[in-house]
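To keep things clear, I will list the structure first and then write my remarks on it.
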Amino acid sequence: MVRAGLTAERVTLAAAELADEVGLDHLTMSAVARRLGVKDASLYAHVRGLEDLRGRIALLGADEKTIRIAEATAGRAGKDALVAYADAWRTYAHDHPGRYTATQIPMEIDPELLARAPGPRRAIELTYSMLRAYALTEPDLTDAVRLMRSTLHGFVSLEAAGGFAHARPAQESWVRCLDALHSLLKHWPAPDEGDPR
């Protein structure tokens with residue numbers, strides 16, 4: 001029997017909130033059921049299992065993070081857009097650590113859900129669009145996307161894990177990292193002559 005008012009979206013949101021509190025790795029179907037006040041079996045009328053639920057959290061997180069980034073970068077270009085993009089990314093990671101983690105790890109997601117979800121596709125469009133202001137072309141553009149993602153994800157992951165115990169505030173390092181990233185993007189190095197490309 002499906003409990004009245006219980007939907008896949010409601011189950012996903014409850015699971016996402018729980019993942020933010022306890023960590024994605026500690027999320028269980030039983031814990032989500034307890035949060036919703038139902039028996040474990042009730043959840044399976046709406047999601048196929050824990051992996052499906054984690055995939056749904058990843059899509060929710062991608063949608064939410066993309067909306068924040070789109071709002072932050074609207075009407076901006078160059079360094080201004082880069083900083084707004086990065087700050088929105090970092091703030092989302094701080095506000096929703098479980099959801100953020102779900103967006104950063106590979107997992108199997110229902111192809112039908114993925115096809116309907118605008119977040120992942122829009123995130124790619126926003127990122128490439130923002131970086132085109134640096135006049136990069138392929139394959140440098142893809143390399144720049146990977147560098148930026150590595151920089152932002154690396155920083156926020158280390159920060160969340162307590163990896164910045166130095167007396168210098170992490171915020172000051174964040175600002176300088178973005179200065180350096182902007183400078184590198186603006187002065188992107190040409191490939192070496194021996195580069196196989």
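Position 1 is the first residue of the sequence, and the numbers go up from there.
Within the model, atoms CG of L13 and CG of L36 stand 9.5 Å from one another, a figure rounded to the nearest 0.5 Å. Distance check: T12 OG1 to R99 CZ gives 10.5 Å after rounding to the nearest 0.5 Å. For the atom pair NE2 of H46 and CG of L6, the computed distance is 4.0 Å after rounding to the nearest 0.5 Å. The CG atom of L181 lies 7.0 Å from the CG atom of L152; values are rounded to the nearest 0.5 Å. Once rounded to the nearest 0.5 Å, the distance linking OG1 of T91 with CG of D87 reads 6.0 Å. In this structure, CD on E17 lies 10.5 Å from CD1 on I57, to the nearest 0.5 angstrom.
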Tell me, with the steps shown, if Y134 and L82 meet side-chain contact (heavy atoms from CB on, under 4.5 Å). CA-CA 10 Å; Y134 289 96; L82 175 67; 3.6 Å; yes

In sequence, state the C-alpha distance, the side-chain angles, and the governing distance for R90 and Q171, and then conclude on side-chain contact (heavy atoms from CB on, under 4.5 Å). CA-CA 11 Å; R90 183 181 179 212; Q171 176 60 24; 2.5 Å; yes

L114/L59 under side-chain contact (heavy atoms from CB on, under 4.5 Å): CA gap, chis, key distance, verdict: CA-CA 7 Å; L114 187 57; L59 293 179; 3.7 Å; yes

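Within the 4.5 Å cutoff, the side chain of D143 has heavy atoms near those of the W188 side chain. Proximity of Y85 to M148: side-chain heavy atoms (C-beta onward) are separated by under 4.5 Å at one or more points. Put simply, the side chain of L53 reaches to within 4.5 Å of the side chain of V32, judged on heavy atoms. Counting only heavy atoms from C-beta outward, the side chains of V47 and M29 approach each other to under 4.5 Å. Contact of the K39 side chain with the Y44 side chain is not registered, since no non-hydrogen atoms from C-beta on lie closer than 4.5 Å. Within the 4.5 Å cutoff, side-chain heavy atoms of L184 are placed close to those of L147. Using a 4.5 Å heavy-atom cutoff, the side chains of R68 and W89 are not in contact. Annotation: side chain of L113 is in contact with side chain of D52 (closest heavy-atom distance under 4.5 Å).
Annotation for A144 and L185: closest pair CB-CD2, 3.7 Å, computed over non-hydrogen atoms. A pairwise comparison of heavy atoms in T66 and A123 identifies OG1-CB, 3.5 Å as the closest pair. Residue A88 comes nearest to A72 through the heavy atom pair CB-CB, 3.9 Å, listed as atom of the first residue, atom of the second, then distance. The heavy-atom pair separating L27 from A15 by the smallest distance is CD1-O, 3.6 Å. The heavy-atom pair separating G98 from D20 by the smallest distance is N-OD1, 2.9 Å. Of all heavy-atom pairs spanning A117 and P120, the tightest one is O-CD, 3.8 Å.
F164 is linked by a side chain to side chain contact (heavy atoms under 4.5 Å, CB included) to F155, L158, E159, A170, counting only residues two or more places apart in sequence or in another chain. Residues passing the salt bridge (charged side-chain N to carboxylate O under 4.0 Å, His left out) test with D179, sequence neighbours excluded: K79, R176.
At most 12 heavy atoms of other shown residues, nucleotides or ligands fall within 6.0 angstrom of atom NE2 in H26. Within a 6.0 Å sphere centred on CZ of R168, other residues, nucleotides and ligands contribute more than 12 heavy atoms.
Listed for the T7 side chain is a donor-acceptor partner under 3.5 Å among the backbone atoms of R10.
When hydrophobic clusters are built by joining Ile, Leu, Val, Met, Phe, Trp and Tyr residues whose side-chain heavy atoms come closer than 4.5 Å, directly or via intermediates, L178 is grouped together with L126.
The pair E51-R56 does not meet the salt-bridge criterion, since no charged nitrogen lies less than 4.0 angstrom from a carboxylate oxygen.
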Just distance, no hydrogens or angles: give the donor-acceptor pairs under 3.5 Å from side chains in residues 101-111, sequence neighbours left out.
{"residue": "T101", "atom": "OG1", "partner": "P97", "partner atom": "O", "Å": "2.9"}
{"residue": "T103", "atom": "OG1", "partner": "Y100", "partner atom": "O", "Å": "2.6"}
{"residue": "Q104", "atom": "OE1", "partner": "R149", "partner atom": "NE", "Å": "3.4"}
{"residue": "Q104", "atom": "OE1", "partner": "R149", "partner atom": "NH2", "Å": "3.2"}
{"residue": "D110", "atom": "OD1", "partner": "E112", "partner atom": "N", "Å": "2.8"}
{"residue": "D110", "atom": "OD2", "partner": "R48", "partner atom": "NH1", "Å": "3.2"}

